[in-house]
Amino acid sequence: MVHIDRLTAAVRARGLRMTDPRRRVLAALAGSQHQTPEQILQVVTDDGGSELPPSTIYRTLQALEEAGVVAHTHLDHGPPTYQLAGPHRHLHLVCRSCKTVSELPSEHAAALVGTIRSETGFRADPTHMAIHGRCARCAGEEDR
């Protein structure tokens with residue numbers, strides 16, 4: 001689990017004040033990965049602090065993402081999920097059967113990113129997307 005003091009230092013290093021909503025949202029994200037804004041709101045509502053409206057949660061997430069402390073991903077057709085931004089960028093692998101989300105270092109997409117760039121000039125950032133399919137367990141069950 002990430003220590004809140006390190007997160008506070010990271011926020012301040014990016015020129016932001018560490019406000020109570022930012023501290024509470026970061027604490028919620030430090031407790032679990034891939035949370036929707038609604039899930040973060042529930043954690044913040046249950047943390048014993050003053051009530052925060054959903055708009056504050058969204059603005060806080062946006063500010064923290066712009067500062068590079070938080071990242072979002074669209075794991076499915078629902079709302080984006082947020083997590084603490086780490087030094088290691090990764091892809092999200094989402095199993096369509098069991099809904100498990102696993103992570104894979106983003107360098108595994110280097111060949112695809114290179115092909116897209118050479119053929120179109122587009123500079124892809126695959127870390128904000130999810131790759132859907134079947135995990136090894138579910139694929140194995142399907143093959144039987």
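Residues in residues 98-119 take part in no ring pair (Phe, Tyr, Trp, His ring centres under 6.0 Å) pair, two or more places apart or across chains. Sequence neighbours left out, not one pair with a member in residues 43-67 passes ring pair (Phe, Tyr, Trp, His ring centres under 6.0 Å).
We find the NE2-CG distance between His132 and Asp76 to be 6.0 Å, quoted to the nearest 0.5 Å. Atom CZ of Arg134 and atom OG of Ser97 lie 3.5 Å apart (nearest 0.5 Å). Taken from CE in Met18 to CG in Asp5, the straight-line distance is 9.0 Å, to the nearest 0.5 Å. Interatomic distance, CG of Leu29 versus CD of Gln39, reported as 10.5 Å (0.5 Å rounding).
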Contacts under 3.5 angstrom, residues 45-54 side chains, donor-acceptor by atom type, not counting sequence neighbours:
from, atom 1, to, atom 2, distance (Å)
Thr45, OG1, Leu41, O, 2.7
Asp46, OD1, Gln42, NE2, 3.0
Asp46, OD2, Gln42, NE2, 3.0
Asp47, OD1, Arg24, NE, 3.3
Asp47, OD1, Arg24, NH2, 2.9
Asp47, OD1, Gly49, N, 2.8
Asp47, OD2, Arg24, NE, 2.8

Please tabulate, for the side chains in residues 77-84, all donor-acceptor contacts under 3.5 angstrom to protein atoms that are two or more places apart in sequence or on a different chain.
from, atom 1, to, atom 2, distance (Å)
Thr81, OG1, Thr73, O, 3.3
Gln83, OE1, His34, NE2, 2.6
Gln83, NE2, His90, NE2, 2.8

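Among residues two or more places apart in sequence or in another chain, the side-chain hydrogen bond (donor to acceptor under 3.5 Å, both in side chains) test is passed with Thr100 by none. When the side chain to side chain contact (heavy atoms under 4.5 Å, CB included) test is applied to Arg123, the partners found at least two apart in sequence or on another chain are Arg117. Looking at residues two or more places apart in sequence or on another chain, you find a side chain to side chain contact (heavy atoms under 4.5 Å, CB included) between Val43 and Ala28, Gln35. The salt bridge (Lys or Arg N to Asp or Glu O under 4.0 Å) check on Arg137 picks up Glu141, with sequence neighbours excluded. Arg23 is linked by a salt bridge (Lys or Arg N to Asp or Glu O under 4.0 Å) to Asp20, counting only residues two or more places apart in sequence or in another chain. Scored by the side chain to side chain contact (heavy atoms under 4.5 Å, CB included) test, Thr115 finds Glu119 as partners (sequence neighbours excluded). Ala67 meets the side chain to side chain contact (heavy atoms under 4.5 Å, CB included) test with Arg14, Leu16, Val69; sequence neighbours excluded.
Both Ile57 and Leu7 are assigned to one and the same hydrophobic cluster, defined by single-linkage of ILVMFWY side chains at heavy-atom distances under 4.5 Å. Both Ile131 and Leu104 are part of a single hydrophobic cluster, where members link through side-chain heavy atoms under 4.5 Å apart. Hydrophobic clustering (ILVMFWY, side-chain heavy atoms < 4.5 Å, transitive): Leu26 and Leu61 are in one cluster.
A pairwise comparison of heavy atoms in Thr56 and Pro21 identifies CG2-CB, 3.9 Å as the closest pair. Considering all non-hydrogen atoms of both residues, Ala85 and Gly68 come closest at CB-O, 3.4 Å.
Side-chain contact between Cys135 and Ser102: absent, with no pair of heavy atoms (C-beta onward) separated by less than 4.5 Å. In this structure the side chain of Leu64 reaches within 4.5 angstrom of the side chain of Arg22, judged on heavy atoms. Between Gln62 and Val70 there is no side-chain heavy-atom pair separated by less than 4.5 Å.
Counting side-chain heavy-atom gaps under 4.5 Å among Ile, Leu, Val, Met, Phe, Trp and Tyr, the cluster of Ile116 also holds Leu112, Phe122.
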